[in-house]
Amino acid sequence: MFDYIIIGAGFAGSVAAERLSTEANKKVLIIEKRNHIAGNCFDYKNENNILIHKYGPHLFHTSNQKVWDYLSNFTEWQIYHHKVLAFIDGQKVSVPFNINTLYKLFPTSIAKKLEEKLLENFPFNSKIPILELKQSNDADLSFLADFVYDKVFVNYTAKQWGMKPEDLDSAVTARVPLFIGKDDRYFNDTFQAVPKHGYTKLFENLLDNKNIKIMLNTDSKEVMNIKNEKFYLFGNEFNGKIIYTGQIDELFDYRFGELPYRSVEMKFETVEKDYFQEAATVNYPNDYTFTRITEFKHIHPVNSSKTTILKEYPQQHIQNKTTPYYPIFTEENQLKYQQYKEYSKQFTNLILLGRLAEYKYYDMDDIIERVLEVIGEIK
Ligand code: UDP
């Protein structure tokens, strides 16, 4: 009946389903644990008409023309340039740390000296990861690196990951480098926008195909099982292909142990104010136990005398209790993942895609690019 079973209706699963059903006329069954599509991009309008990102802020940004063009088939866009402030020493300053931030936090003479030093050493508009700047032998740059490390990174990373920046893969903190320029935006990508009518609508459009059937509220283990390296759907051997986008350790019953993830508790509050804060997101590296507050009205402006904010409290992930948001990027965990990956190779009809199945910190555009590539090859 089905050519493909896809587990998970986030970007990985939904883009795969769209490509296979539209381009290759394949019949696809999507099995989704939650009671909704769109994975962690799921959004909805609350009672005040404010569009809420249920699983935390998702701001679309890419420099990949192909990905942008592809998604543009399924949504209109609302141009949106994300700005983040960080509450540091009693002030709210731009993050990524940039030349404007220097002038806000230091007396002009010191800021000027640091700016000159930065520009002597790095091209204007370049990006330097904090851990790289920390290697500098120059006394002024080393002072700056220690300052930014202490004020912006070390405590935020302790809250978010329960670790020091150095103990994580360097790519994690490199996502938010120092910016040797005066652009206050969080991202520098060519395309920056949010789906005009929300992500959920975009996903509805992706999945709107008679070749796609969706089972919500269904854990794949309820309807599928593995025996002798073969997959069974409702007790019958399934000879089509399986695209699995859930946790790889869960799929294989944790046979090599649990892969650790970081979770976040999302606490929403609605306040009787037009606006709560000056920017969409304010990070609190050093204060409180949440990492950041996001105010959704800044992302999708709406006429309401109330506003809804989200405080993110990072927490350890507990299997079947919390949502696994972030693979924890350490060498040890990568090795464990490799064991699962190796083991998965004996399942010749299994394709692993996405943050959880590939144990990889994909951004939205990266996973879409990957799915377009992988599906392009197997069709
Ligand atoms: N980070 C930090 N301070 C900040 C912002 C980011 O230390 O003010 C570090 C932290 O380790 C975080 C990583 O940079 O996990 C990546 O941040 P990003 O905003 O990209 O995280 P996401 O939006 O994916 O949650």
S.K.: Listed by chain and number, what are the side-chain contact (heavy atoms from CB on, under 4.5 Å) partners of Asp140, not counting sequence neighbours?
M.R.: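 With neighbours one apart ignored, the set is Lys113, Leu114, Lys117, Asp138.
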S.K.: Give, for atom OG1 of Thr322 and atom NE2 of His317, the distance between the pair rounded to the nearest 0.5 Å.
M.R.: 4.5 Å
S.K.: With a 4.5 Å limit on heavy-atom distance, are the side chains of Lys297 and Thr308 in contact?
M.R.: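 The answer is no; the side chains never approach within 4.5 Å.
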S.K.: Just how far is it from atom CD1 of Ile351 to atom CD1 of Ile375, taken to the nearest 0.5 Å?
M.R.: 6.0 Å
S.K.: Would the Tyr199 and His53 ring centres measure less than 6.0 Å apart?
M.R.: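 Judged by ring-centre distance (under 6.0 Å), Tyr199 and His53 do meet the cut-off.
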S.K.: Kindly say whether the aromatic ring centers of Phe256 and Tyr343 come within a distance under 6.0 Å.
M.R.: yes
S.K.: Could you walk me through whether Leu118 and Leu144 satisfy the side-chain contact (heavy atoms from CB on, under 4.5 Å) test, starting with their C-alpha distance in whole Å, then the side-chain angles of each, then the deciding distance to 0.1 Å, before giving a yes or no?
M.R.: CA-CA 10 Å; Leu118 284 170; Leu144 178 63; 3.8 Å; yes
S.K.: With ring centroids as reference points, do His58 and Phe60 lie under 6.0 angstrom apart?
M.R.: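 Ring centroids of His58 and Phe60 are no less than 6.0 Å from each other.
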S.K.: Among all residues two or more places apart in sequence or in another chain, which pass the side-chain hydrogen bond (donor to acceptor under 3.5 Å, both in side chains) test with Gln65?
M.R.: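 With sequence neighbours excluded, Gln65 shows a side-chain hydrogen bond (donor to acceptor under 3.5 Å, both in side chains) to Asp69, given in chain and number order.
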S.K.: Quick one: CH2 on Trp68 to OG1 on Thr190, what's the gap to the nearest 0.5 Å?
M.R.: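 Rounded to the nearest 0.5 Å, the CH2-OG1 separation comes to 10.0 Å.
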S.K.: Quick check on the 6.0 Å ring-centre criterion: do Trp161 and Phe329 meet it?
M.R.: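 So the answer is no for these two rings.
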S.K.: Can you label the angle between the Phe347 ring and the Phe231 ring as parallel, tilted or perpendicular, going by 30° and 60°?
M.R.: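 Phe347 and Phe231: tilted rings.
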S.K.: To the nearest 0.5 Å, tell me how far Glu369 CD sits from Lys66 NZ.
M.R.: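 Going from the CD atom of Glu369 to the NZ atom of Lys66 covers 7.5 Å.
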S.K.: Under 4.5 Å between any side-chain heavy atoms of Pro314 and Arg262, yes or no?
M.R.: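 Heavy-atom side-chain distance check passes, below 4.5 Å.
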S.K.: Thr281 vs Thr294, test: side-chain hydrogen bond (donor to acceptor under 3.5 Å, both in side chains). Steps then yes/no.
M.R.: CA-CA 4 Å; Thr281 298; Thr294 296; 3.1 Å; yes
S.K.: In terms of relative ring orientation, are Tyr80 and His82 parallel, tilted or perpendicular, with 30° and 60° separating the classes?
M.R.: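 Ring orientation, 0 to 90° scale: tilted.
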S.K.: For Phe2, give me all partners under ring-ring contact (aromatic ring centres under 6.0 Å, His included), at least two apart in sequence or on another chain.
M.R.: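 Listed in chain order: nothing, the list is empty.
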S.K.: Atom CG in Asp219, atom CZ in Arg34: separation rounded to 0.5 Å?
M.R.: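 Going from CG on Asp219 over to CZ on Arg34, the span is 12.5 Å.
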S.K.: Between Tyr186 and Gln192, do the side chains contain a donor N or O and an acceptor N or O under 3.5 Å apart?
M.R.: no
S.K.: Run the salt bridge (charged side-chain N to carboxylate O under 4.0 Å, His left out) test on Glu116 and Lys112 for me, step by step, so that the C-alpha distance in whole Å, both residues' side-chain angles and the decisive distance to 0.1 Å come before the verdict.
M.R.: CA-CA 6 Å; Glu116 280 167 12; Lys112 206 165 183 328; 3.7 Å; yes
